[in-house]
Amino acid sequence: MEKFQIVQIGRIRTNAEGMRVELEKDYIPALEGLEGFSHIQILWWFSECDTLRDRKKLREKSPYKGSPEIMGVFATRSPYRPNPIALSCVEVLEVDCRKGVLRIAYIDARDGSPVLDIKPYTPSLDRVENPSVPGWCSEWPPCLEKSGDFDWGRVFNFEE
């Protein structure tokens with residue numbers, strides 16, 4: 001199997017001041033030109049799910065209500081996967097090119113999660129006008145902007 005080298009470019013930070021991406025000093029110049037994009041795609045590492053056991057999980061009990069009982073990890077957004085890489089589309093509130101900080105509205109990552117890459121969200125490449133999804137998730141919000149007010153408790157089989 002071919003080996004790849006992945007470099008951490010920064011960390012997710014979440015605290016009372018809000019959510020942000022703090023870049024390592026060497027990667028701050030890569031922010032040049034990012035101003036003006038309302039959204040970005042952040043590739044980050046599910047660092048708390050990076051064990052040999054977690055990486056071997058290929059199927060699991062579905063986290064979604066109304067879906068098939070057992071699902072492959074590629075049909076879920078589970079952190080347990082062969083490579084614990086996450087992808088989140090986030091709204092950019094501020095770009096500080098001097099300090100290497102991106103203030104963001106929300107991300108589903110924990111404080112300290114390693115950031116692997118950042119890409120600008122561009123509708124011409126990232127938006128699918130009429131995507132199709134299985135029936136069990138067809139009632140989910142149609143876009144990121146409407147997800148915040150959605151009752152996700154109706155969707156997930158949260159463990160008690």
State, yes or no, whether a side-chain contact exists between Arg11 and Ser113 at a heavy-atom distance under 4.5 Å. no
Interatomic distance, CZ@Arg77 vs OG@Ser88, rounded to 0.5 Å, equals 6.5 Å
Are Cys97 and Glu35 close enough, and set up right, to give a side chain to side chain contact (heavy atoms under 4.5 Å, CB included), and what steps lead you there? CA-CA 9 Å; Cys97 290; Glu35 302 93 337; 3.0 Å; yes
When every non-hydrogen atom of Leu144 is compared with those of Cys89, the smallest separation belongs to CD2-O, 3.7 Å
Might you confirm whether atom CG of Asp111 has over 12 heavy atoms from other residues, nucleotides or ligands at distances under 6.0 Å? yes
Provide the closest heavy-atom pair for Trp136 versus Pro68 in the form atom of the first, atom of the second, distance. NE1-CD, 3.5 Å
Can you tell me how far apart CD1 (Ile118) and CG (Leu34) are? Round to the nearest 0.5 Å. 7.0 Å
I need the single residue from Asp108, Leu87, Ile9 that forms a side chain to side chain contact (heavy atoms under 4.5 Å, CB included) with Trp44. Which is it? Asp108
Taking all atoms of both residues into account, what is the closest heavy-atom pair of Asp50 and Asp54, and its distance? N-OD2, 4.1 Å
Tell me the closest heavy-atom pair linking Arg20 and Gly18, and the distance in Å. NH1-O, 3.8 Å
Are Tyr106 and Val90 packed together at the side-chain level, in the sense that at least one heavy-atom pair is separated by less than 4.5 angstrom? no
Taking atom CD1 of Ile70 and atom CD of Glu60, what is their separation to the nearest 0.5 Å? 8.5 Å
Could you pull out the closest heavy-atom pair between Pro114 and Gln8, with the gap in Å? CB-OE1, 3.5 Å
Residue pair Glu139, Phe150: steps toward the side chain to side chain contact (heavy atoms under 4.5 Å, CB included) verdict: CA-CA 10 Å; Glu139 299 299 319; Phe150 185 72; 5.8 Å; no
Donor-acceptor pair, distance only, cut-off 3.5 Å: does the side chain of Ser62 make one with the backbone of Tyr64? yes
Out of curiosity, Arg81 CZ to Thr76 OG1, how far, rounded to the nearest 0.5 Å? 5.5 Å
Among residues two or more places apart or on two chains, list those pairs meeting ring pair (Phe, Tyr, Trp, His ring centres under 6.0 Å) that have a residue in residues 1-42. none
Does Val115 belong to the same Ile/Leu/Val/Met/Phe/Trp/Tyr cluster as Val92, with side-chain heavy atoms less than 4.5 Å apart forming each link? yes
For Arg55, I'd like to know if atom CZ has over 12 heavy atoms of other residues, nucleotides or ligands within 6.0 Å. yes
Parallel under 30°, tilted from 30 to 60°, perpendicular over 60°: which one fits the rings of Trp152 and Trp140? perpendicular
I need the full list of salt bridge (charged side-chain N to carboxylate O under 4.0 Å, His left out) pairs touching residues 83-100, with sequence neighbours left out, sorted by first then second residue. Glu94-Arg103
Honestly curious: do Ile42 and Val7 fall in one hydrophobic cluster under the side-chain, below-4.5 Å linking rule? yes
Flag if over 12 foreign heavy atoms under 6.0 Å of CD, Glu17: no
Leu43, Ile28: one ILVMFWY side-chain cluster at the under-4.5 Å cut-off? no
Quick check on side chain to side chain contact (heavy atoms under 4.5 Å, CB included): which of Leu93, Leu23, Val95 does Leu102 satisfy it with? Val95
Can you tell if the side chain of Trp45 reaches within under 4.5 Å of the side chain of Ile85, non-hydrogen atoms only? yes
Between Val73 and Pro82, what is the shortest heavy-atom contact and its length? CG2-CD, 4.1 Å
Output the distance between atom OG (Ser78) and atom NZ (Lys57), rounded to the nearest 0.5 Å. 7.0 Å
For residues 117-137, which residue pairs pass the salt bridge (charged side-chain N to carboxylate O under 4.0 Å, His left out) check, not counting sequence neighbours? Asp117-Lys119, Arg127-Glu129
Quick one: does Pro79's side chain get under 4.5 Å of Pro84's, heavy atoms only? no
